[in-house]
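Labels below follow one simple rule: chain letters A, B, ... track the order of the sequence lines, proteins then strands, and each chain is numbered from 1. Computed from a prediction, not measured in an experiment: that's the story for all the values here. All values below were derived from every heavy atom in this structure, side-chain atoms included, with hydrogens, water molecules and symmetry-related copies excluded.
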Amino acid sequence: MSMTRPLIEISHLSKSYRRGDQVIPVLSDITFDIAAGEFLALIGPSGSGKSTLLNCIAGIDAVDEGSIHIGGTDITTLSEGELAVWRSRHVGFIFQFYNLIPVLTALENVELPLLLTSLSARRRQEHALAALAAVGLPDRTDHKPAQLSGGQQQRVAIARAIVADPDIIVADEPTGDLDRRSAADILALLGRLNRELGKTIVMVTHDHRAAEAAHLVRELDKGELRVAP
Amino acid sequence: MLLLRLIVKNAFRHRLRALLTIAGVAIALTAFGLMRTVLDAWHAGVSASSANRLVTRNAVSITQPLPIAYKSRIRQVAGVNAVAAGNWFGGVYIDEKNFFANFAVEAEDFFRLYPELIVSPAEQKAFAMDRKGAIIGRKLADRFRWRVGDAVTLRGTIFPGQWPLTIRAVYKGARPDTDETVLYLHWAYIDEVMKKTSPGRAGQTGFFMIGIDDATRAAEISRNIDAQFRNSQAETLTETEKAFQMGFVSMSEAILMAITVVSYVVIVIILAVAANTMAMSARERLGEFAVLKTLGFAGPALGGMLLAESLLLSLSGAALAMVLLPAIADAFAKNLAQYFPIFFVSPRTMVLLPAFGAAVGVLAAVAPAVRVGSVRIAEAFRRIG
Ligand SMILES: Nc1ncnc2c1ncn2[C@@H]1O[C@H](COP(=O)(O)OP(=O)(O)OP(=O)(O)O)[C@@H](O)[C@H]1O
Ligand SMILES: [Mg+2]
């Protein structure tokens, strides 16, 4: 291996679902690398396994075969508890429907991942405020998710994803629920996180505009991966 | 603290549902406590009885009298240190609904036998001096606002006629389970009137209360007393005061058992209600728990959060019950004093409220907590989209 070993190395990854005695292959023998600092878009038709692949990379779904080395650790060998700790340190999550906790304010939502760190309450708040400022929402700290627009909620979600300073950000259709303007803002924000903070981003999307924001686009089709034209 | 706020906010997310659950737990625990208190009240006569006292009555039935002449023969039985004749008087004050227990007793021996009835020496003397005097319990005095010196006339039922009395003393109980609602008058007063109006009923008494030196010899002394009167016209049955009281209680054994069972059924029902609340709560928020798990919260921590929510609701209900129960028991005690002279919530019952509250909280949360703790992230997200 060279000194610039890729951050994420996926090799011979396979996964299938069983429905009754029917086996539905979703991912078959997928091998590819993602370099540190990459901004990758995964595209492909509905049901092609994009979310499944993303979830495997992020350590929230199990693989059947193959390995996923991230920063030198094969996460497919980690126990559930070890994976939880690993996720909290290395991965930030952005979802299509934001998935904020509705009873908490924006600031509290962002602070949430820091409960798993040893930071003091004061320091946690400072970090959360800084993250909200970084996504352009310094004045919405006391709002509940229901009091925010979709775009604003997604910004809060992004603040939550970056607050613990992970190396990798995974995003499953982060603009899927947004209008064009908000979508463009969110993509610009992701681009900034990638450029300015050096976050490695893996984004699943249907939206070709979103894919254009990425450096590299890979297409999944029938469980197989190729570099999109 | 953020985690605590999250737990509290989640517990009260559906305000109406949370409040109904708390109210349900509070009402159920109050009902449970009230039923236990009724049972305690029922048994109070038994627990207040002394192992150093025996009661001798007619072997045929409690309603049949014994000759007063038996007294001196009982007194001579080895181990007996005091004997007092006593009669259920059954007098009514103005109206039947004013019911309270009233007994005719031989005052001097009686108070020696019942040291738990506390009377000032001066009042005791005044009572002893007045043949038409009466001594009443503190609660009875409060109920009718009677004071020492007041004239009270009882209408006889068992002993016909009007019975003018003067309150000469008020006793208070030495222990919380001492009955403070009784009126005692002089056995001699009744006997004196009987001699004039119905001589056939003079020289008789309902039962003898007996003091013994050694409680461990109760059975032997009882046998010796009854042996004295075997084959006489009125054979006796002597038993400990406790057994005597139990005789009354066991008549309603089936009812007591039913109340006991129902009191626990109420707990089981509220457990089912609370478990349903927690199961709904867990199911609705499975996606949120999956998000928390994604962020790195461990399964047991999530289960613990749900458990804490459940405990918050059930213990709030228990706290409410701890306020409600004494208040309701108090109202009960005031209105039902004639049936339950000893009616108070025991410390044991007060401790059982939070204990059962906690048990309900924990048991209600077990299944949903396991479900939440073991939520499969990818599958939960697939469900919520
Ligand atoms: N738990 C499961 N049981 C059975 N089949 C499943 C399960 N999860 C996913 N699948 C199947 O796996 C395939 C890939 O699903 P996945 O969600 O990864 O697709 P996707 O590319 O993200 O689609 P979309 O663009 O619609 O989000 C689908 O055919 C889906 O039906
Ligand atoms: Mg998908």
Next on the checklist: For B/Thr294, is there any backbone N or O sitting under 3.5 Å from a side-chain donor or acceptor partner on A/Arg87?
Outcome noted: yes
As an exercise: rank [options] by heavy-atom pairs under 4.5 Å with chain B and give me the winner.
| options | answer |
| --- | --- |
| A/Leu112, A/Leu115, A/Val103, A/Asp61 | A/Val103 |
| A/Ala58, A/Ala121, A/Ala84 | A/Ala84 |
| A/Glu108, A/Arg124, A/Glu111, A/Glu173 | A/Glu108 |
| A/Asn55, A/Leu100, A/Ile101 | A/Ile101 |

Pairwise side-chain contact, [X] with [Y], heavy-atom cut-off 4.5 Å (strictly under):
| X | Y | value |
| --- | --- | --- |
| B/Phe381 | A/Asp172 | no |
| B/Leu295 | A/Arg160 | yes |
| B/Leu2 | A/Leu114 | no |
| B/Val291 | A/Phe93 | no |

Checklist entry - Is it the side chain or the backbone of A/Tyr17 that comes within 4.5 Å of chain B heavy atoms, both, or neither? => result side chain
Checklist entry - Under a 4.5 Å heavy-atom cut-off, does chain B meet the side chain of A/Arg89, its backbone, both or neither? => result neither
Checklist entry - Can you name the residues of residues 3-15 of chain B that have some heavy atom under 4.5 Å away from a heavy atom in chain A? => result B/Leu3, B/Arg5, B/Leu6, B/Lys9, B/Asn10, B/Arg13
Item to check | Salt bridge present between B/Lys293 and A/Glu80 (N-O < 4.0 angstrom) | outcome: yes
Item to check | Heavy atoms from other residues, nucleotides or ligands near CZ of B/Arg17 exceed 12 (cutoff 6.0 Å) | outcome: yes
Next on the checklist: Is it true that, when you exclude A/Glu65 itself, more than 12 heavy atoms of the residues, nucleotides or ligands shown sit nearer than 6.0 Å to its CD?
Outcome noted: no
Item to check | Over all atoms of both residues, closest heavy-atom pair of B/Gly296 and A/Leu116 | outcome: C-CD1, 3.5 Å
